[in-house]
2 protein chains.
Amino acid sequence: MPVTINDVAKEAGISTSTVSKVLNHWTTISPETTARVNAAIAKLNYTPNARAVSFARKSTRNIVYLTSLGKDEAYRNPHMFDIMCGVHKELTKHNYTLALVDISDEAYPGESVHNVIEGKCADGLIIHGSAVTKELSKSITQQNYPHIIIGHPGFESSLCWIDTNHGLAGQFAAKHMISCGYKDVAFIGGRKTDYISMQRQKGFIGGMYEYGYHIPDIHIGYTDSSIPESCEAACSMLISHRPPQAIVCENNTIALGVIKAVEKLKLKVPEEVALLVFDTYPYSGILSPKPTVIDINVYDMGVQAGATILRKLKNPSLLVQSYTTLPIVIQGQSTQPLRKQ
Amino acid sequence: MPVTINDVAKEAGISTSTVSKVLNHWTTISPETTARVNAAIAKLNYTPNARAVSFARKSTRNIVYLTSLGKDEAYRNPHMFDIMCGVHKELTKHNYTLALVDISDEAYPGESVHNVIEGKCADGLIIHGSAVTKELSKSITQQNYPHIIIGHPGFESSLCWIDTNHGLAGQFAAKHMISCGYKDVAFIGGRKTDYISMQRQKGFIGGMYEYGYHIPDIHIGYTDSSIPESCEAACSMLISHRPPQAIVCENNTIALGVIKAVEKLKLKVPEEVALLVFDTYPYSGILSPKPTVIDINVYDMGVQAGATILRKLKNPSLLVQSYTTLPIVIQGQSTQPLRKQ
DNA sequence: CTGAAAGCGCTTACAG
DNA sequence: CTGAAAGCGCTTACAG
């Protein structure tokens, strides 16, 4: 028979409501009563029934994290799980729990969101950006349900989101290259329809331009982000009449392709061609030479997301659409200050 | 104002308790009543309040997944998240939810488990093996709390666990090597204190022995699982007077070290030395040649764990200590049938 | 500063 | 087959 608040009240010789107030740290309770209640709690080894609390309070202190949780997702998209860990960290700190909901096999789009909202099993919702559609956006906005989306949804809306500023990360890439003394720097990215890639590219080109360097079109590559196509793109740049001194790779697969090209052409990194890559990947550590990386602390983004949803709960009218978490440069061996010749 | 079961009852002109019975698919309800209630539910767009249900039922239909959720865990240990996804899949199928609890920064060991059990916020607990201690084992067993541990806890107990059979995986490695025609096969693993490594090694040696091949001590390597030490171990084997035809690498980091050694000695894979690796890693796909892998479908292990905890809930006296999920061989280019000379 | 009482939205014996 | 009523274990106006 589990011990309830009534047992504690009886033991302490005090009313249930007062025990509840002690539990909730009301300031009106006398120190003496508090002490008696605490003694009774300790004696009976009492823990409040979380279900009853959440029911009585009409608040669950639970947040749902909505994302794709299919097989192999952990290998394809480890960043998403790192974000999740950050969210969890922040929520736990404030005595909230985090429940997972999979969006990858819904019967109809928006089903999961609907269930979460209607079932009242959470106070708020954190949604991984890739899962957001316009319909979903509409239903969330209409219900005015506390939410935060990780990653810009890709269209204008009154949704709340946080994201990392990819353009800024591109600028950081430019700044780093300039600081090393590289002027002829190429950028190999994804297709023109790839939002993140284009943001990074724009930021990079803009950053170089600020320092007075114009990147010619032949030094901008668009690929399908596969190893072969990236290798091909890098090769053709490197054997052209004007090979770049350095290549910025928009993601890790592209970097692998570029490394392959470099090996094929027997070029030395970073002496003959320097490399810069966006994002740390599990295998970044095993590449040789160790690449210099423009990294985003996505765990920290998760923490931000957690903090933000809690702010939303306190202040539902809050609009949050913000870029957060500065990119950082992790210096590796694939770039180095150019020696004056 | 959210619509409650009472609103539905009023709308249908029927008592609350009957509505509840319709909701819970009692068989005693007349088709006519059922229809009326369902019409009212549809009309009012009613969804039961999950909190109230769980409170009244004294069951949460929630399972807690206890593991390490620190920063970068997703990169270090993607398998754990793949297991988590499998667990989630199975639980969702049966209308259970999954909540996450981090064990990585508890104030004292066992704190999280204690909170979960005492707070009654879950019906059961799935614990990632690395988090299990003897104290924890004791308190879980004493409380007779429904649980399932993923990975053999490492000591005898009446805990419930599921695991993959590492010895069997080792045997599979031997079988594959034999089927290719290799006889002189080396095994490079972790330290002798590494439980998994030793299981795999034993299985492998035993498997080879069954086919009549004895692995000499010089062909068994113990390393700290680092790239340099594994490279060193492989080198010394390969330049010895009796180099192995093939090397089984107990994990991926070891494999990277061995590959490094092979490159250093300019040996051809698989012609001059074949390689076999345990477990798929995010970067397995980028290695060249693509390694042959003895893999465990850990997502499926998660599914099993989910199914098992649900069985435990129905039948609390069930003891589950079982090896589950067969290893599979994923053929790559690092092994091939030996041509007769 | 403390307590009696209503209520959160369901489920489930029990009676009919 | 249906319904009135008690109860799940708390919280929170409200009264004192």
Could you tell me whether Ile14(A) contacts a base, only the sugar-phosphate backbone, or nothing, with contacts defined as non-hydrogen atoms closer than 4.0 Å? sugar-phosphate

Which residue pairs satisfy the ring-ring contact (aromatic ring centres under 6.0 Å, His included) criterion with at least one member in residues 120-156 of chain B, sequence neighbours excluded? His152(B)-Trp161(B), His152(B)-Tyr195(B)

Sorted by chain and residue number, the ring-ring contact (aromatic ring centres under 6.0 Å, His included) partners of Phe81(B) (sequence neighbours excluded) come out as Phe81(A)

Test side-chain contact (heavy atoms from CB on, under 4.5 Å) on Arg36(A) and Glu11(A); report intermediate values, then the result. CA-CA 9 Å; Arg36(A) 278 200 7 233; Glu11(A) 173 71 29; over 6 Å; no

Where does DNA chain C form stems of at least three consecutive Watson-Crick or G-U wobble pairs, each pair having both distances below 3.5 Å? C:1-3 with D:14-16, C:5-12 with D:5-12, C:14-16 with D:1-3

When you look at Val303(A) and Val87(A), which way does the side-chain contact (heavy atoms from CB on, under 4.5 Å) test go after all the steps? CA-CA 5 Å; Val303(A) 171; Val87(A) 170; over 6 Å; no

Lys89(B), NZ atom: more than 12 neighbouring heavy atoms under 6.0 Å: no

Note: chain A reaches DNA chain D at heavy-atom distances under 4.0 Å over the stretch, first to last nt, 5' to 3', of dG9(D) to dA13(D)

Under 3.5 Å side-chain donor-acceptor pair for Ser15(A) and Ser17(A): yes

Beyond-backbone contact of Thr18(B) with Thr33(B), side-chain heavy atoms, under 4.5 angstrom: yes

State, yes or no, whether a side-chain contact exists between Glu73(A) and Met80(A) at a heavy-atom distance under 4.5 Å. yes

For the residue pair Asp123(B) and Asn62(B), establish whether any side-chain heavy-atom pair is separated by less than 4.5 Å. no

Evaluate the criterion side-chain contact (heavy atoms from CB on, under 4.5 Å) for residue pair Ile148(A) and Val320(A); output intermediate values, then yes/no. CA-CA 8 Å; Ile148(A) 184 93; Val320(A) 180; 4.2 Å; yes

Does a donor on one side chain sit under 3.5 Å from an acceptor on the other, for Thr325(A) and Asn297(A)? no

With the threshold set at under 4.0 Å for non-hydrogen atoms, list the residues of residues 25-37 of chain A touching DNA chain C in residue-number order. Thr28(A), Ile29(A), Ser30(A), Thr33(A)

Under 4.0 Å, counting only non-hydrogen atoms across every strand here, what does Ser20(A) touch: a base, just sugar-phosphate, or nothing? base

Using a 4.0 Å cut-off on heavy atoms, which residues in residues 39-61 of chain B reach DNA chain D? List them by number, or say none. Phe55(B), Ala56(B)

Is the closest side-chain donor-acceptor distance between Asn24(A) and Arg57(A) under 3.5 Å? yes

Answer whether the closest heavy-atom distance between the side chains of Ile126(A) and Val64(A) falls below 4.5 Å. no

